[in-house]
Amino acid sequence: MDTSPSPDWSLWQSFAAVAEAGSLSQAALALNQSQPTLGRHIRQLEQQLDLRLFNRVPRGLELTEQGAALLDPARDMVAAAARLGLIATGQSERPSGTVRITASVSMSHHVLPRIIAEIRQEAPEIEIELLASDVSENLLFHEADIAVRMYRPTQLDIVTKPLGRLTIGLYAAQSYLDRAGFPTSIEDALDHQWIGYDKSDLIIQGMRKFGWDVDRNFFGTRCDNQTVYWELLRAGCGIGVGQQFIAAQHPEVRQVLPDITIPPLEVWLSVPEALRHTPRVRKTFDLLSERLAAVTGA
């Protein structure tokens, strides 16, 4: 019988992160660890297994055949360890503590501050951390306790609740309309200045569905950050896409082409199954659900 010790699970976590990221530097960012630490973990794992797991390539690291065969089991091990941590956390019966919420930059800026203030007033024993990010954090790895998503999450072991929809429209600042005129038709609007995204093609694809054959250069101003995007619109850079709820808070902004129907954004609240009954998480989830439903009309 082989009595040699099995590699520590943290080495497998580092292995899986490097394999998915393709480089030590990117994996270090994902795990919030140093690059030398991850490099040492990979060397230790290779020595203990007596296998070469990665080959160096111009862009980073590439799995060997032996390393590729170990990736899925390693992912299962890391996921199992994450679930154990969540279950252990979920056993706490204290109605106090920290709850970490993640949401898009736009939702975090325009909608959640007032709601979080109300939660803190009603449940001051609960501390709130807000992670404003347009990257989908992994709830199972405890990067956040609750997520507000603009799509229905499909991850296993995640409980989701629909909270209605946010109406989307086309808007422009009154200062821009005073200067450029109010568009009265689609053809007229296409002669105006527009605000688009930089790397994302969501607006381009949406306009093409309406038969508007535009590309990235159609937009004279471009920005992917949703909050900055809205400020560019308010400043008078042109016509752009916005949420009705946000626009209603800014009287200097007017809706244009109101007859055009843009698919609304669905809003979903998500929480790991292992944490849903933890008192502080359940309380925060319920309060978020109630307040967000008032915004979305659910």
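Worth knowing before you read on, the calculation uses all heavy atoms, side chains too, and leaves out hydrogens, waters and symmetry mates.
- Looking at heavy atoms from C-beta onward, Ile239 lies in side-chain contact with Tyr176 at the 4.5 angstrom threshold.
- The minimum heavy-atom distance between Ala21 and Gln26, with the atom names listed, is CB-CB, 3.7 Å.
- In this structure the side chain of His109 never reaches within 4.5 angstrom of the side chain of Trp230, judged on heavy atoms.
- With rounding to the nearest 0.5 Å, the separation of OG in Ser104 from CG in Leu131 is 11.0 Å.
- Atoms CG and CZ, on Leu265 and Phe245 in that order, are 13.5 Å from each other to the nearest 0.5 Å.
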Task: Trace of the ring pair (Phe, Tyr, Trp, His ring centres under 6.0 Å) decision for Tyr171 with His250 - done: CA-CA 11 Å; Tyr171 296 91; His250 299 281; over 10 Å; no

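- Heavy atoms only, all atoms of each residue included: Leu38 and Ser14 are closest at CD2-OG, 3.3 Å.
- Enclosure of atom CZ in Arg208 by more than 12 non-hydrogen atoms of other residues, nucleotides or ligands within 6.0 angstrom is indicated.
- A side-chain N or O of Ser23 and one of Ser25 form a donor-acceptor pair less than 3.5 Å apart.
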Open item on the list: Between Asp145 and Glu129, is the side-chain contact (heavy atoms from CB on, under 4.5 Å) condition met? List the steps.
Closed with: CA-CA 10 Å; Asp145 301 309; Glu129 294 178 350; over 6 Å; no

TODO: Go through the steps for Gln48 and Leu11 under the test side-chain contact (heavy atoms from CB on, under 4.5 Å), then give the verdict.
DONE: CA-CA 10 Å; Gln48 293 183 34; Leu11 302 185; 3.7 Å; yes

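- Taking the side chain to side chain donor-acceptor pair (under 3.5 Å) definition, one finds that Asn217 meets it with nothing, sequence neighbours left out.
- Ser185 contributes atom OG, which lies 8.5 Å from atom CG of Leu190 (distance to the nearest 0.5 angstrom).
- With rounding to the nearest 0.5 angstrom, the CZ atom of Arg291 is 12.5 Å from the CZ atom of Arg114.
- In this structure, Tyr229 contributes its side chain and Ile195 its backbone to a donor-acceptor pair below 3.5 Å.
- With sequence neighbours left out, the salt bridge (Lys or Arg N to Asp or Glu O under 4.0 Å) criterion links Glu231 to Arg234.
- Residues Leu269 and Val148 form a side-chain contact, since some pair of their non-hydrogen atoms from C-beta on lies under 4.5 Å apart.
- Both Val271 and Leu130 belong to a single network of hydrophobic side chains, linked directly or stepwise wherever heavy atoms of I, L, V, M, F, W or Y lie under 4.5 Å apart.
- You'll find the side chain of Ile246 stays beyond 4.5 Å of the side chain of Val253, heavy atoms only.
- You'll find the side chain of Ile119 stays beyond 4.5 Å of the side chain of Val99, heavy atoms only.
- A heavy-atom distance below 4.5 Å is found between the side chains of Phe219 and Ile204.
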Open item on the list: Let's go through Leu70 and Leu51 carefully: what are the C-alpha distance in whole Å and the side-chain angles of both, what is the deciding distance for side-chain contact (heavy atoms from CB on, under 4.5 Å) to 0.1 Å, and is it a yes or a no?
Closed with: CA-CA 11 Å; Leu70 292 171; Leu51 290 174; 4.1 Å; yes

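- Closest of all the heavy-atom pairs between Ile168 and Pro264 is CG1-CA, 4.2 Å.
- In this structure a side-chain-to-backbone donor-acceptor pair under 3.5 Å is present from Arg280 to Thr98.
- Listed by chain and residue number, Asp198 satisfy the salt bridge (Lys or Arg N to Asp or Glu O under 4.0 Å) test with Arg216 (two or more places apart in sequence, or in another chain).
- Ion pairing between a basic and an acidic side chain is recognised when a charged N comes within 4.0 Å of a carboxylate O; Lys283 and Glu125 show no such pairing.
- In this structure, the side chain to side chain donor-acceptor pair (under 3.5 Å) partners of Gln226, at least two apart in sequence or on a different chain, are Tyr197.
- With Trp194 as the partner, the side-chain contact (heavy atoms from CB on, under 4.5 Å) test is satisfied by one option alone out of Leu170, Val241, Ile203, Thr221: Leu170.
- Between Leu257 and Pro183, the shortest heavy-atom distance links the atoms CD2-O, 4.2 Å.
- Checked by atom type and distance alone, the side chain of Ser289 never pairs as donor or acceptor with a backbone atom of Phe285 at under 3.5 Å.
- Atom CD of Glu65 sits in a sparse spot, with 12 or fewer heavy atoms from other residues, nucleotides or ligands closer than 6.0 Å.
- Heavy atoms from other residues, nucleotides or ligands lying under 6.0 Å from CZ of Arg120 number more than 12.
- Using modelled atom types, no side-chain atom of Arg100 and backbone atom of Ile128 make a donor-acceptor pair closer than 3.5 Å.
- When every heavy atom of Pro258 is checked against every heavy atom of Gln255, the shortest pair comes out as CA-NE2, 3.8 Å.
- For the residue pair Ser175 and Ala235, the shortest heavy atom distance occurs at OG-O, 4.1 Å.
- To the nearest 0.5 Å, atoms CE (Met107) and CD (Gln243) are separated by 6.0 Å.
- Proximity of a side-chain donor or acceptor of Asp134 to a complementary backbone N or O of Val105 within less than 3.5 Å is detected.
- Remark: the backbone N or O of Gly236 is paired with a side-chain donor or acceptor of Arg179 at under 3.5 angstrom.
- Atom CG of Asp191 sits about 9.0 Å away from atom CD of Glu187, to the nearest 0.5 Å.
- The side chain to side chain donor-acceptor pair (under 3.5 Å) search around Asn55 returns Arg52, not counting sequence neighbours.
- Residues Arg165 and Val267 form no side-chain contact, since every pair of their non-hydrogen atoms from C-beta on lies 4.5 Å or further apart.
- Looking only at side-chain heavy atoms (C-beta outward), Thr102 and Ser108 stay at 4.5 Å or farther from each other.
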- [ ] Report the C-alpha distance between Ile126 and Leu287 in whole Å, list the side-chain angles of each, state the deciding distance to 0.1 Å, and finish with yes or no for side-chain contact (heavy atoms from CB on, under 4.5 Å).
- [x] CA-CA 12 Å; Ile126 298 176; Leu287 291 174; over 6 Å; no

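- Although no hydrogens or angles enter the test, the distance criterion places a donor-acceptor pair under 3.5 Å between the side chain of Glu46 and the main chain of Leu53.
- Shown here are the salt bridge (Lys or Arg N to Asp or Glu O under 4.0 Å) partners of Asp224, two or more places apart in sequence or in another chain: there are none.
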